[in-house]
Amino acid sequence: MTIRPSVQTSRWLAYALVAAGALLMLAPFYVMFVFATQSRTDIFSVPPPLWFGDDLLANLRLLGERIPFWRSVGWSLYVALMSTALTLLFCAMGGYAFAMFEFRFKRPLFALVLGTMLLPSFMSMIPSFMVMDLLGWIDEPRALYLPGAANAFGIFLMRQYVRSAVPRELIEAARMDGCGEFGLFVRIVLPLLKPALGTLGLISFIGSWNNFVGPLIVLRSPEHFTLPLALRLLQNPVDTEWGALIAGAAVATLPLIALFMLASRQLIAGLTAGAVK
């Protein structure tokens with residue numbers, strides 16, 4: 001006769017498995033923060049240090065001397081916030097329109113929007129540069145957040161959420177009460193979209209904050225570089241200050257960790273909306 005493990009044993013095994021997976025995923029972050037406090041010599045010592053050192057301030061000072069680090073942090077924050085705000089606005093409007101309005105060529109237009117998600121991102125590099133050059137936006141931060149404000153993924157996510165969370169009867173009742181379309185969208189629809197807006201906002205902010213290829217294509221002046229591009233300036237074949245570089249990467253990671261901790265519940269609620277009744 002096969003002896004089945006008790007429910008409590010199975011639960012502890014599940015906890016142990018989850019804990020092991022969490023430790024495995026957190027290990028690179030721990031190593032990064034430890035190396036951010038070490039000098040270049042200590043980082044390459046054998047065995048490598050596994051506890052925090054005393055060189056964090058020296059690494060940050062060296063970081064500020066080699067590159068305009070804090071200016072780049074400001075540019076990254078500005079671009080990420082603008083990109084997130086515009087993405088939430090335009091994608092919410094687009095998703096609401098595709099979900100609640102009937103107009104000619106609605107299905108072909110939505111299929112065209114989804115079709116853009118099938119194109120590899122590298123195919124748009126040269127056309128994007130040509131358009132930005134034609135508009136005179138080369139070396140301008142606006143070239144990083146305006147072109148992708150109404151992206152296909154955001155429109156699709158908002159359209160699916162509007163269809164599942166916003167009753168048509170509520171929209172019709174508001175119209176019968178004399179509410180205009182803009183007031184209806186702002187006062188009734190947007191409050192119902194908070195989980196999806198939180199999810200899309202978090203994804204947009206992280207994508208913009210970590211974006212390397214976009215700034216590499218359109219930015220020219222180091223004074224306008226965002227953080228990933230500025231940190232790349234520290235790398236060279238003969239004299240890379242790895243302590244300063246890792247310290248910069250650690251500082252760049254802190255806002256994302258804080259944002260995820262604050263918005264993780266909103267992210268899960270938005271991604272699982274409609275999965276269960």
Side-chain angles (χ1 to χ4, degrees), residues 12-81 83 121-122 125 141 144 202-264 267:
W12 281 110
L13 288 175
Y15 288 160
L17 184 62
V18 171
L23 290 175
L24 186 63
M25 289 187 292
L26 291 175
F29 292 96
Y30 175 77
V31 172
M32 177 181 65
F33 286 117
V34 168
F35 282 6
T37 63
Q38 306 288 344
S39 65
R40 179 171 59 179
T41 303
D42 293 332
I43 290 174
F44 289 99
S45 62
V46 179
L50 296 178
W51 190 246
F52 301 95
D54 302 321
D55 293 305
L56 177 61
L57 294 180
N59 288 334
L60 293 177
R61 183 171 60 252
L62 185 61
L63 198 60
E65 293 172 355
R66 293 290 184 93
I67 60 173
F69 178 72
W70 299 110
R71 181 191 293 269
S72 298
V73 171
W75 279 122
S76 286
L77 186 61
Y78 168 72
V79 171
L81 290 176
S83 177
S121 58
F122 67 85
M125 290 182 184
L144 299 177
L202 184 62
I203 294 173
S204 300
F205 187 92
I206 293 175
S208 179
W209 183 268
N210 291 331
N211 187 14
F212 177 78
V213 175
L216 183 65
I217 293 173
V218 300
L219 297 183
R220 295 291 179 266
S221 305
E223 294 78 13
H224 292 161
F225 281 2
T226 54
L227 198 49
L229 203 56
L231 291 176
R232 180 63 180 83
L233 294 176
L234 289 174
Q235 292 183 267
N236 61 72
V238 295
D239 186 29
T240 300
E241 287 291 344
W242 289 104
L245 180 61
I246 297 174
V251 172
T253 306
L254 288 176
L256 300 184
I257 295 176
L259 183 63
F260 182 79
M261 291 177 65
L262 292 174
S264 59
L267 174 66

Any chance you could lay out the side-chain contact (heavy atoms from CB on, under 4.5 Å) test for Arg66 and Leu233, step after step, and finish with the verdict?
CA-CA 8 Å; Arg66 293 290 184 93; Leu233 294 176; over 6 Å; no

Check step by step if side-chain contact (heavy atoms from CB on, under 4.5 Å) holds for Leu63 and Val251.
CA-CA 11 Å; Leu63 198 60; Val251 172; 5.7 Å; no

In sequence, state the C-alpha distance, the side-chain angles, and the governing distance for Val79 and Asn211, and then conclude on side-chain contact (heavy atoms from CB on, under 4.5 Å).
CA-CA 10 Å; Val79 171; Asn211 187 14; over 6 Å; no

Should Ile206 and Leu202 be marked as a side-chain contact (heavy atoms from CB on, under 4.5 Å) after you check the CA-CA gap, both sets of side-chain angles, and the distance that decides it?
CA-CA 6 Å; Ile206 293 175; Leu202 184 62; 4.0 Å; yes

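The shortest non-hydrogen separation linking Pro222 to Pro68 is O-CG, 3.7 Å. Closest approach of Ser221 to Phe225, counting heavy atoms only: O-CD1, 3.1 Å. For the residue pair Leu229 and Leu216, the shortest heavy atom distance occurs at CD1-CD1, 3.7 Å. Minimum interatomic distance between Leu219 and His224 (heavy atoms only, all atoms of both residues): CD1-O, 3.2 Å. The shortest non-hydrogen separation linking Gly248 to Phe69 is CA-CE1, 3.9 Å.
Between Leu56 and Leu60, some side-chain heavy-atom pair lies under the 4.5 Å cut-off.
The line from CZ of Arg232 to CD1 of Ile67 is 12.0 Å long, rounded to the nearest 0.5 Å. Rounding to the nearest 0.5 angstrom, the gap separating the CD1 atom in Ile257 from the CZ atom in Phe33 is 4.0 Å. Interatomic distance, OG of Ser76 versus CG of Leu231, reported as 8.5 Å (0.5 Å rounding). Separation of atoms OH (Tyr30) and CZ (Phe35) is listed at 10.0 Å; rounding is to 0.5 Å. Once rounded to the nearest 0.5 Å, the distance linking CD1 of Ile43 with CD1 of Ile246 reads 4.0 Å. With rounding to the nearest 0.5 angstrom, the OG1 atom of Thr37 is 10.5 Å from the CG atom of Leu57.
Asn59 contributes a side-chain N or O that, together with a main-chain N or O of Gln38, makes up a donor-acceptor pair within less than 3.5 Å. Without hydrogens or angle criteria, Ser83 side chain to Ala80 main chain gives no donor-acceptor distance under 3.5 Å.
Under the 30°/60° scheme for interplanar angles, the aromatic rings of Phe205 and Trp209 are found to lie parallel. Using cut-offs of 30° and 60° for the angle between ring planes, the Phe44 and Trp242 rings count as perpendicular.
In Phe52, the CZ atom is crowded: over 12 heavy atoms of neighbouring residues, nucleotides or ligands sit closer than 6.0 Å.
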